[in-house]
Amino acid sequence: MAIIITDECINCGACEPECPNTAIYEGGMEWNWAGGTDLKEIEMEDGSKVDANEYQEPVSDEFYYIVSGKCTECMGFHEEPQCAAVCPVDCCVDDPDYRETEEELYAKKEWLHV
């Protein structure tokens, strides 16, 4: 499963540089698929294609957030999610809306870093 940052976030920013997939962004900041990945174009669930460099709307305007589609829980990079390991208030937790198996997380890592 992906990791989510709860509203207990104090906006310290310790998590952002730790993410090997560049899936963590400051609240209010736009994000894109290309940042920190090898992606050039994304096929969306509806079949449409998006330029990976095209900026997307922020997931949160208030606090740091994680783009679940880019989160691999650091599989293939580290033993544990690094955002959770460095968070001083323990607000980086499993996202119950994005349950993925270890195999799916490794496949996502390969997709992100062709």
Checklist entry - What heavy-atom pair brings Cys19 and Ala23 nearest, and what distance separates the two atoms? => result SG-N, 3.2 Å
Item to check | Min side-chain heavy-atom separation Tyr65-Pro58 under 4.5 Å | outcome: yes
Checklist entry - Could you give the distance from CD (Glu103) to CE (Met75), rounded to the nearest 0.5 Å? => result 9.0 Å
Item to check | Working for side chain to side chain contact (heavy atoms under 4.5 Å, CB included), residues Val93 and Ile4 | outcome: CA-CA 6 Å; Val93 299; Ile4 191 171; 3.8 Å; yes
Checklist entry - Does some side-chain heavy atom of Asn11 sit less than 4.5 Å from a side-chain heavy atom of Glu26? => result no
Next on the checklist: Before you tell me yes or no, could you show the steps for Ile5 and Ile24 under side chain to side chain contact (heavy atoms under 4.5 Å, CB included), namely the whole-Å CA-CA distance, both residues' side-chain angles and the distance that decides it to 0.1 Å?
Outcome noted: CA-CA 9 Å; Ile5 298 175; Ile24 302 174; 4.2 Å; yes
Next on the checklist: Testing the basics here: between Asn32 and Glu54, what is the closest heavy-atom pair and its distance to 0.1 Å?
Outcome noted: CB-O, 3.4 Å
Checklist entry - Does atom OH of Tyr98 have more than 12 heavy-atom neighbours from other groups under 6.0 Å away? => result no
Item to check | Shortest non-hydrogen separation from Leu105 to Glu100 and the atoms involved | outcome: CD2-OE1, 3.2 Å
Item to check | Shortest non-hydrogen contact between Ser68 and Ala2, atoms and distance | outcome: CB-CB, 3.8 Å
Item to check | Polar side-chain atom of Asp95 near backbone of Asp97 as donor-acceptor pair, under 3.5 Å | outcome: yes
Item to check | Geometric class of the Trp111/Trp33 ring pair [parallel <30°, tilted 30-60°, perpendicular >60°] | outcome: perpendicular
Checklist entry - Should we count CD of Glu30 as having more than 12 external heavy atoms under 6.0 Å? => result yes
Checklist entry - According to a 4.5 Å side-chain heavy-atom criterion applied to Ile, Leu, Val, Met, Phe, Trp and Tyr, with indirect links allowed, do Ile42 and Tyr25 form part of one hydrophobic cluster? => result yes
Next on the checklist: What verdict does the side chain to side chain contact (heavy atoms under 4.5 Å, CB included) test give for Val50 and Gln56, after you've listed the backbone C-alpha separation in whole Å, the side-chain angles of each residue and the deciding distance to 0.1 Å?
Outcome noted: CA-CA 10 Å; Val50 175; Gln56 308 296 315; 3.8 Å; yes
Item to check | Trp31 side chain to Tyr55 backbone, donor-acceptor under 3.5 Å | outcome: no
Checklist outcome for this item: In terms of heavy-atom contacts, Pro81 and Ile3 come closest through CG-CD1, 4.0 Å
Item to check | Thr37 versus Asn21, closest heavy-atom pair with distance | outcome: CG2-O, 4.0 Å
Item to check | Distance, nearest 0.5 Å, that separates OH of Tyr64 from SG of Cys83 | outcome: 13.0 Å
Item to check | Side-chain heavy-atom pair Pro96, Asp94 within 4.5 angstrom cut-off | outcome: no
Next on the checklist: Could you check whether Ser60 and Glu62, counting side-chain N and O atoms only, form a donor-acceptor pair closer than 3.5 Å?
Outcome noted: no
Checklist entry - Okay, side chain of Glu16, backbone of Gly13: is any donor-acceptor separation there less than 3.5 Å? => result no
Next on the checklist: Once side chain to side chain donor-acceptor pair (under 3.5 Å) is applied, do any residues pair with Lys109, and if so which ones, sequence neighbours excluded?
Outcome noted: none
Checklist entry - Between OH of Tyr106 and OG1 of Thr101, what distance do you get to the nearest 0.5 Å? => result 11.0 Å
Checklist entry - Got a second to check how far Cys87's SG is from Glu18's CD, nearest 0.5 Å? => result 11.5 Å
Checklist entry - When rounded to the nearest 0.5 angstrom, what distance separates CG in Asp51 from NZ in Lys40? => result 10.0 Å
